[in-house]
Protein chains: 2
Amino acid sequence: MEKLNTEIRQKQIKKAVLQIISTKGLGKLSTRNLADKVGVTEGALFRHFKSKRDIMLSIIDDVKNDLLEQMKKIADSNLKANVKLLKFLCAHVRYLIKNKGITILLFSEATYMDDKEMKKRLFDILSFQKNYVKKIIKEGIDDGLWNKKINADNVAVLYMGIPITLNIELILNRKEFKQENFCRKMFGLLERVLK
Amino acid sequence: MEKLNTEIRQKQIKKAVLQIISTKGLGKLSTRNLADKVGVTEGALFRHFKSKRDIMLSIIDDVKNDLLEQMKKIADSNLKANVKLLKFLCAHVRYLIKNKGITILLFSEATYMDDKEMKKRLFDILSFQKNYVKKIIKEGIDDGLWNKKINADNVAVLYMGIPITLNIELILNRKEFKQENFCRKMFGLLERVLK
DNA sequence: TATTTTTGTAAGTAAGTGATTACATAACTA
DNA sequence: TAGTTATGTAATCACTTACTTACAAAAATA
């Protein structure tokens, strides 16, 4: 029996979690199945995480770090606001497709468990995203690119609907989703709102 | 022990399901808790539904009948397309708030169980909604109310983001959601897209 | 009113849950 | 190389799950 350090095992465990929930569903994510997937016994799992809930919280933190870091870079870049918003949306969409709607699966878990802390962390992620969008829109308005009368907050709400709807579609109807130019099309509509 | 007919019991059971999942979360929706809530034993539950899954499927059908019927009436009415779309969106939003995000909770259940049939029925509900919106938008275009060049399908996708985002917010952050004029604000943005 | 049908209960079932225990051994350190 | 620590296992914990069974009694029907 090979022995690996906690850091490596934690990564393996979290990877296995994502594999299970995206292939067999959250309902099959038992510590039993998870241990089998990793190739260890259940006891080993609890050597590296203090609880199953802790594993899930750690995954939420990973999403926060990965996705929000990408977004921050784009939002803080020196591009023009319209280019920035398009790039932002496309990066957002790409992440969701690549990760098979992971955020919404985490949402389902939080809802299922009625876990306040998990819900709070997920809400935080959404809030961060929305604020980045708001910032970009305000920049565009200040630069005279977009209409001064539009309310950045409301448009940010409208924006958020795009990735969230995509998420839902990816889960409910994984196969039929046609992604060609999805982000460009949606960006086109957002621009009509902003102009 | 009072004995009620299946029809009445089924309604009681489904009502109890909604109470449990909107107060204690899906994870607490066991047949044990459900029977307690209804005030019968577990055995009685299985007299009126053949399985727990059957109860959930029946609730999905109720949502389909209730919500989609309201929507059909509005979509088929003789109002002008802009009035119609506003009314449609506000009715949609009102239903979700009143039912505390029931649709997304059903989504979580379907995801959790990885239940194909449940997913399909939920996707159907979304598709119906989207098609009603598409129909209204096309009417508005034909009447010269809105721009001929806009793609009704894409706008319908954008529309769907509004109730879905609302749903998510209702679950993640029930208290802080401020609903005053929410549907009017969002309608204002949709009109900018359409004009 | 006598009989059948429907609706209820109490007590189970087998299977699964997250987590813990006592113990073993690989890997690191002095 | 000897001793310590980190990482593993196998077995089991107490508890929950959806669902079933054998039986009782209320309600509907004749």
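Letters go in sequence order (proteins before strands), and every chain restarts at 1.
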Only one of Ile59(B), Leu45(B), Thr6(B), Ile8(B) passes side-chain contact (heavy atoms from CB on, under 4.5 Å) with Ile13(B), and that residue is Leu45(B)
What is the separation between atom CG on Asp54(A) and atom C1' on dA19(C), rounded to the nearest whole Å?
13 Å
For Lys50(A) and Arg32(A), take the nucleotide of DNA chain C holding the closest heavy atom to each; which residue's nucleotide lies nearer the 5' end?
Arg32(A)
Within the structure shown, what part of the strands sits under 4.0 Å from Leu29(A) by heavy-atom distance: base, sugar-phosphate, or nothing?
sugar-phosphate
Glu109(B) atom CD is separated from dT17(D) atom P, nearest whole Å, by 13 Å
Under 4.0 Å between a side-chain N/O of Lys52(A) and OP1 or OP2 of dG18(C), yes or no?
yes
Which nucleotide in dT9(C), dA19(C), dC19(D) has an atom nearest any side-chain atom of Ser51(A)
dA19(C)
Leu79(B)-Met71(B) co-clustered via ILVMFWY side chain contacts under 4.5 Å:
no
Interatomic distance where CD belongs to Gln12(A) and C1' belongs to dT7(D) [whole Å]
13 Å
One should read off an interatomic distance between Leu172(A) CG and Phe107(B) CZ, to the nearest 0.5 angstrom, of 5.0 Å
Please give, in whole Å, the distance from dA11(D) P to Phe46(A) CZ?
18 Å
By nearest heavy atom, map Glu7(B) and Lys28(A) onto DNA chain C; which one lands nearer the 5' end?
Glu7(B)
Aromatic plane relationship, Phe88(A) with His92(A) - under 30° parallel, 30 to 60° tilted, over 60° perpendicular
perpendicular
What is the separation between atom CG on Asp36(A) and atom P on dG16(C), rounded to the nearest whole Å?
12 Å
Out of dA18(D), dG8(D), dG18(C), which has the shortest distance to the side chain of Ala44(A)?
dG8(D)
Distance check needed: dT21(C) C1' versus Glu42(A) CD, whole Å only.
13 Å
Could you tell me whether Leu4(B) contacts a base, only the sugar-phosphate backbone, or nothing, with contacts defined as non-hydrogen atoms closer than 4.0 Å?
sugar-phosphate
Counting any heavy atom closer than 4.0 Å, what does Glu2(B) reach on the DNA or RNA strands: base, sugar-phosphate only, or nothing?
sugar-phosphate
Nucleotide dC19(D), atom C1' - distance to CE of Met56(B) in whole Å
17 Å
Distance check, rounded to the nearest 0.5 Å: Leu18(A) atom CG versus Lys100(A) atom NZ?
9.5 Å
When you measure from the side-chain N and O atoms of Arg9(B) to the phosphate of dG8(C), is any distance below 4.0 Å, counting only OP1 and OP2?
yes
dT17(C) phosphate, OP1 or OP2: any side-chain N/O from Ser30(A) under 4.0 angstrom?
yes
Distance test, side-chain N/O of His48(B) to OP1/OP2 of dG8(C), below 4.0 Å:
yes
To the nearest Å, give me how far apart CG (Asn33(A)) and C1' (dG18(C)) are.
13 Å
Let's see if you can work this out: which of dT7(C), dT7(D), dT9(D) has an atom nearest to the side-chain heavy atoms of Arg47(B)?
dT7(C)
Among dA26(D), dC19(D), dT9(C), which nucleotide has an atom closest to any side-chain atom of Lys3(B)?
dA26(D)
Could you measure the distance from the CG atom of Leu158(A) to the OG1 atom of Thr165(B)? Nearest 0.5 Å is fine.
8.5 Å
Between Thr6(A) and dT7(D), is there a contact of a side-chain N or O with OP1 or OP2 at under 4.0 Å?
yes
